[in-house]
Amino acid sequence: MLRGLYNAAAGMITQQRRHDTITQNIVNVNTTGYKQTDSVQRSFPEVLVSMIGGEPGNEHRTLGKLSTAVFAEESLSLHKQGALRETGKTSDFAIVSELGLVDPATGENMSFDASGKYIDGNGEVIYRPQAFFTVQDENGEVRYTRNGQFHVSQDGNLLTSTGYQVLDADNAPIVLTGQAGNFTVNEQGQIVGVAGNPTGVTLGISVVDKPHALVREGNGVFRLNSTDGDGTRFLAAGDNAIVRQGFIEASNVDPSQSMVELTAALRAYETNQKVVQFYDKSLEKAVNEIGRV
């Protein structure tokens, strides 16, 4: 009996975490460059239940499989392209990318689904690489973001909305000269001066091979997971990605779908709650009534 109580309690905890994840997405529906987070749920391994005792030759000794509850294993960020919103500000930027990979087994381009996943012939899941702005935090550590809502400081430093330094293609801080509003950036991320002359400075657009393994730090900033190695490079000439000046990338959260998932999580939580209440009443009877006999 207690095993069923534990399973129901585990289900409630899992749905609570799922509810928290969806709520976080809804709160950030208007956050620039925000990437939706999905909660991954898995069940514990099933066990085979057999009879104890009885006749050794009984062919019905095996009773069947027993589930051992469910748990929220991890949260994965969904790095699909968000819609662009025009601002007209010269310090606002958005990345539009659809990077591809070639399947070495077939020699053809991988067909990624809407969530950016591809499953090869061996069942291995491969994620679409994604491009990010390269920034530097206050500790000098390299971080990645899709929030291109930048501004220029009085010293000419190009900074993020949280004050991180924007880096160029050489991992050096970008410092603009002249008037802050008199610069343009072409689709390749190259900064062009007032007279249309190239400055030799290019926005540092990093391509992350395994975006699903990035660690979210908050404020739209990600860092690499140290256990996954480097796995990054700067944008190359043949990559299908461009930079749009005067635009920002909106959140990729679907509010309607999030509300549907939020309702489903609530209903699942209530169902497990009813199961816990049932076991509670059964235990109450076992202790207070059956124990009197």
Side-chain angles (χ1 to χ4, degrees), residues 1-29 31 34-54 60-80 113-119 123-127 210-218 222-223 225-228 251-291:
M1 179 179 293
L2 290 179
R3 180 176 290 133
L5 180 64
Y6 295 147
N7 288 355
M12 291 177 66
I13 295 173
T14 300
Q15 295 305 321
Q16 177 64 50
R17 292 179 178 174
R18 180 186 176 194
H19 179 277
D20 294 343
T21 300
I22 300 170
T23 302
Q24 175 183 320
N25 291 333
I26 295 175
V27 169
N28 288 281
V29 71
T31 302
Y34 179 80
K35 297 304 176 184
Q36 176 177 320
T37 304
D38 292 334
S39 177
V40 179
Q41 304 170 42
R42 296 186 186 275
S43 61
F44 288 102
E46 293 183 338
V47 295
L48 191 63
V49 181
S50 300
M51 243 183 192
I52 297 178
H60 300 293
R61 288 174 59 87
T62 301
L63 301 180
K65 295 181 179 179
L66 176 67
S67 175
T68 53
V70 66
F71 67 103
E73 183 181 42
E74 59 182 340
S75 295
L76 294 178
S77 297
L78 184 62
H79 291 279
K80 67 179 183 180
D113 60 16
S115 63
K117 291 189 298 184
Y118 172 79
I119 303 177
E124 181 182 358
V125 179
I126 301 173
Y127 290 85
K210 298 179 180 179
H212 65 286
L214 289 173
V215 180
R216 190 186 296 263
E217 287 195 342
F222 299 87
R223 64 174 173 84
N225 190 339
S226 58
T227 60
D228 293 329
S251 168
N252 66 356
V253 176
D254 185 345
S256 301
Q257 183 62 30
S258 296
M259 291 303 300
V260 172
E261 294 178 358
L262 188 66
T263 303
L266 178 60
R267 295 290 180 266
Y269 183 90
E270 291 175 345
T271 300
N272 283 285
Q273 186 181 39
K274 294 294 183 182
V275 174
V276 171
Q277 292 173 351
F278 169 78
Y279 276 108
D280 180 61
K281 292 180 180 179
S282 299
L283 289 172
E284 182 183 359
K285 287 187 177 181
V287 172
N288 296 332
E289 296 181 15
I290 299 178

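As the structure is a computational prediction, the values presented were derived from the model and not from experiment.
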Original post:
Minimum heavy-atom separation for Ala265 to Gln15, with atom names?
Top reply: CA-OE1, 3.5 Å
Original post:
At their closest point, which heavy atom of Leu76 faces which heavy atom of His212, and how far apart are they?
Top reply: CD2-O, 4.0 Å
Subject >> Heavy-atom pair with the smallest gap, counting every atom of Asn225 and Ala213 >> reply: CB-O, 3.5 Å
Original post:
Hey, does the side chain of Lys35 reach the backbone of Asn252 with a donor-acceptor pair shorter than 3.5 angstrom?
Top reply: no
Original post:
For Asp20, which of Arg17, Gln24, Gln16 qualifies under side chain to side chain donor-acceptor pair (under 3.5 Å)?
Top reply: Gln16
Subject >> From CG (Asn272) to CZ (Arg267), nearest 0.5 Å >> reply: 14.0 Å
Original post:
Taking only residues two or more places apart in sequence, or in another chain, which ones meet Asp254 in a side-chain hydrogen bond (donor to acceptor under 3.5 Å, both in side chains)?
Top reply: none
**OP:** List the atom of Gln36, the atom of Arg216, and the distance in Å for their closest heavy-atom pair.
**Re:** O-NH2, 4.1 Å
Original post:
Can you list the residues that meet the side-chain contact (heavy atoms from CB on, under 4.5 Å) rule with Ile26, with sequence neighbours excluded?
Top reply: Ile22, Ser258, Met259, Leu262
Original post:
Please walk me through it: do Gln277 and Gln273 pass side chain to side chain contact (heavy atoms under 4.5 Å, CB included)?
Top reply: CA-CA 6 Å; Gln277 292 173 351; Gln273 186 181 39; 4.0 Å; yes
Original post:
Taking atom NZ of Lys274 and atom OH of Tyr269, what is their separation to the nearest 0.5 Å?
Top reply: 12.0 Å
Subject >> Residue of the set Tyr127, Phe222, Tyr34 for which ring pair (Phe, Tyr, Trp, His ring centres under 6.0 Å) holds with His79 >> reply: Phe222
